[in-house]
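The analysis underlying the following values was restricted to heavy atoms, covering all of them including side chains, and did not include hydrogens, waters or symmetry mates. Whatever order the structure lists ligands and atoms in, that order sets their numbers, starting from 1. Since the model is a prediction, treat every value here as computed from it, not as a measurement.
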Amino acid sequence: MVFKHILVTGACGQVGSELISELSSRYGSERIIASDIKKCTLPEGVRFVSMNVLDRTAMDAVIRENGIDTVFHLAAILSADGEKNPTLAFSVNMQGTFNVLESSRINSVERVMIPSTIGVFGPETPKENVPVLTIIKPRTMYGITKYGAELLGNYYFEKYSLDVRGLRYPGLISYKTPPTAGTTDYAVDVFYHAVTGKPYTCFLRKDTKLPMMYMPDAIGAFLKLSEAPRSRLRYSMDYNISAFTFDPEGLFRVIMKYIPDLRVIYEPDFRQKIADSWPASLDSIDAEKDWEFKPEYDLDHTVRDMISHLRERLQKTGHL
Ligand SMILES: NC(=O)c1ccc[n+]([C@@H]2O[C@H](COP(=O)([O-])OP(=O)(O)OC[C@H]3O[C@@H](n4cnc5c(N)ncnc54)[C@H](O)[C@@H]3O)[C@@H](O)[C@H]2O)c1
């Protein structure tokens, strides 16, 4: 399938801003509408529409008037912010997703892509090599709503044959957009401190193992899933993917190979409890078999790439 008119919600976030660049170079910027409640810089030719995913009327109009056939729905309230404001997380993540699915169904959208998260898992989930089908009892509002979104996506696929696809992202590492409100954000924050020579206070315990992935692989995987033949997919919303697993101490050790004077202190906060309820590693075998998921970056490669890109950017902006 060739995507003709693509709508991206939450386009100014950590994932959205990188997805938009890749979508516009693959399909042409004139095919893409970026929407968000905040503004951001976009690749030339990409149109921006200010849209709250809770505004169904506005969403129907944007989808209908622009002949949208593909939606990438990224607008969400992430784990740490979700615990601070569970009411907002519930409405944006549940009602917002429902609006996207319902508007897509009514307006004959062909494909809806929605990322899920390791946040759907809970303390009863096995810790290592978690398969797609397992015990799922999330304890955070983020996890509850993202699991609700998975179930909604599956429902729309089975009941209405709306082609809804999704995958459970692990923690994502990227240098382009500063992290917002996730539990794995330490793995991005620390690079800014390492590169600028500032000590870093880590909000997770040093032995907290979590599955992670570098952003180019995360974007590549999402697009690969979006382009896969539907007949090859055994699941709708819930493919597990992950590139590697580390704990803060392990990550800092690799960074110190390249920046030996990095100093870290540990002061776990409320995010420790969230991280403790998530698994340490995921089994990506179904994604590998069904749509050839294959990450390119291992941890060492990720760290080298993060350091060199961040240095370059901070030098350009006069911060280094
Ligand atoms: N970043 C990660 O580590 C990670 C990991 C797993 C899953 N995910 C998933 O990926 C998706 C994107 O996450 P992200 O990291 O880019 O998050 P982010 O917080 O960086 O971006 C979310 C965007 O949604 C926008 N938004 C919030 N409320 C909105 C509303 N009511 N209407 C319209 N836009 C609204 C925000 O302004 C923001 O630009 C989410 O579904 C998230 O659950 C992210």
Side-chain angles (χ1 to χ4, degrees), residues 7-21 33-42 48-56 58-59 62 71-82 84-85 87-100 103 112-121 138 140-150 152-153 165-189 210-215 217-219 221-222 225 237-243 271 274-275 278-279 282:
L7 171 67
V8 181
T9 73
C12 296
Q14 197 192 3
V15 177
S17 49
E18 304 214 24
L19 180 72
I20 290 275
S21 303
I33 295 184
S35 73
D36 204 298
I37 45 170
K38 66 180 186 197
K39 281 198 169 155
C40 56
T41 314
L42 294 165
F48 179 78
V49 171
S50 176
M51 186 184 78
N52 189 327
V53 290
L54 297 175
D55 185 345
R56 223 346 254 293
M59 191 182 293
V62 170
V71 178
F72 287 81
H73 172 46
L74 305 176
I77 304 299
L78 268 63
S79 55
D81 270 1
K84 286 186 200 150
N85 194 341
T87 309
L88 180 68
F90 184 83
S91 55
V92 174
N93 299 357
M94 290 296 291
Q95 187 65 45
T97 302
F98 179 76
N99 286 350
V100 166
S103 189
V112 181
M113 299 295 302
I114 309 178
S116 190
T117 162
I118 51 165
V120 300
F121 299 119
T140 61
M141 186 51 91
Y142 178 60
I144 291 166
T145 55
K146 293 297 286 188
Y147 188 44
E150 281 188 10
L152 273 177
R165 303 177 180 196
L167 42 72
R168 293 175 182 143
Y169 274 143
L172 300 178
I173 303 175
S174 68
Y175 62 88
K176 287 193 182 153
T177 315
T180 50
T183 300
T184 52
D185 287 355
Y186 85 88
V188 178
D189 270 344
L210 291 168
M212 308 287 287
M213 177 179 272
Y214 196 32
M215 190 61 90
D217 278 333
I219 300 296
F222 205 35
L225 175 61
M237 272 285 292
D238 34 21
Y239 279 99
N240 287 350
I241 59 163
S242 154
R271 287 169 279 196
I274 302 177
W278 292 351
L282 303 183

List the closest protein heavy-atom neighbour of atom 4 (C) of ligand 1: residue, atom name, distance to the nearest 0.1 Å. L172 CD1, 3.9 Å

S79 vs T183, test: side chain to side chain donor-acceptor pair (under 3.5 Å). Steps then yes/no. CA-CA 6 Å; S79 55; T183 300; 2.8 Å; yes

When S17 is tested against each of D36, T177, T41 for side-chain hydrogen bond (donor to acceptor under 3.5 Å, both in side chains), which residue passes? T177

Report the C-alpha distance between V49 and I33 in whole Å, list the side-chain angles of each, state the deciding distance to 0.1 Å, and finish with yes or no for side chain to side chain contact (heavy atoms under 4.5 Å, CB included). CA-CA 7 Å; V49 171; I33 295 184; 3.6 Å; yes

Given M51, M215, E18, identify the one with the heavy atom nearest to atom 33 (C) of ligand 1. M51

Using a plain distance cutoff, I'd like to know if V15 has any nitrogen or oxygen under 3.5 Å from a nitrogen or oxygen of ligand 1. yes

Working note: Y169 + T184, criterion side chain to side chain contact (heavy atoms under 4.5 Å, CB included); need CA distance, chi angles, decisive distance, verdict. CA-CA 11 Å; Y169 274 143; T184 52; over 6 Å; no

Looking only at non-hydrogen atoms, the one of P170, G96, G182 nearest atom 5 (C) of ligand 1 is P170

Under 4.0 Å from one or more heavy atoms of K38, ligand 1 contributes atoms 37 (O), 39 (O)

Name of the residue among T140, N93, T97 meeting side-chain hydrogen bond (donor to acceptor under 3.5 Å, both in side chains) with T145: N93

Stepwise, does the side chain to side chain contact (heavy atoms under 4.5 Å, CB included) test hold for Y186 with R271? CA-CA 10 Å; Y186 85 88; R271 287 169 279 196; over 6 Å; no

Less than 3.5 Å between some nitrogen or oxygen of H73 and one of ligand 1, yes or no? no

Just to confirm my output: which protein heavy-atom neighbour is closest to atom 18 (P) of ligand 1, and how far is it? T180 OG1, 3.8 Å

Quick test: of every protein heavy atom, which one is nearest to atom 26 (N) of ligand 1, and how far off is it to 0.1 Å? I37 CG1, 3.9 Å

Select one of side chain, backbone, both or neither to describe which atoms of S116 lie under 4.0 Å from any atom of ligand 1, heavy atoms only. backbone

Heavy-atom count check: over 12 atoms from other residues, nucleotides or ligands less than 6.0 Å from F48 CZ? yes

Show which atoms of ligand 1 fall inside a sub-4.0 Å distance from at least one heavy-atom site of P115. 10 (O), 11 (C), 41 (O)

Can you tell me which residue and heavy atom of the protein come closest to atom 42 (C) of ligand 1, and the distance to 0.1 Å? Y142 OH, 3.4 Å

Any idea which protein heavy atom is nearest atom 41 (O) of ligand 1, and the distance to it? K146 NZ, 2.7 Å

Which residue and heavy atom of the protein sit nearest atom 21 (O) of ligand 1, plus the separation: G13 CA, 3.2 Å

Roughly how far apart are M59 CE and N52 CG, rounded to 0.5 Å? 8.0 Å

For atom 32 (N) of ligand 1, what is the nearest protein heavy atom, given as residue, atom name and distance? V53 N, 3.0 Å

Roughly how far apart are S116 OG and E150 CD, rounded to 0.5 Å? 3.5 Å

Any atom of ligand 1 sitting under 4.0 Å from a heavy atom of T9? no

Compare T177, I114, D36 and give the one whose heavy atom is closest to atom 25 (C) of ligand 1. D36

Any atoms of ligand 1 less than 4.0 Å from a non-hydrogen atom of V92? List them with their elements. 28 (N), 31 (N)

Find all atoms of ligand 1 within a distance of less than 4.0 Å from any non-hydrogen atom belonging to L74, and give their numbers and elements. 11 (C), 12 (C), 40 (C), 41 (O)

So is there a nitrogen or oxygen of G10 less than 3.5 Å from a nitrogen or oxygen in ligand 1? no

Nearest to atom 22 (C) of ligand 1, what protein heavy atom do you find, and at what distance? A76 O, 3.8 Å

Hey, mind stepping through L74 and L19 against side chain to side chain contact (heavy atoms under 4.5 Å, CB included) and telling me if it holds? CA-CA 10 Å; L74 305 176; L19 180 72; 3.9 Å; yes

Just say parallel, tilted or perpendicular for the rings of F72 and F222, cut-offs at 30° and 60°. perpendicular

With a cut-off of 4.0 Å, which atoms of ligand 1 are near a heavy atom of T117? 6 (C), 7 (C)

Judged by modelled atom types alone, do Q14 and S174 share a side-chain donor-acceptor pair under 3.5 Å? yes

Just how far is it from atom OG of S50 to atom NZ of K39, taken to the nearest 0.5 Å? 7.0 Å

Short version for N52: what comes under 4.0 Å of ligand 1, heavy atoms counted, is both

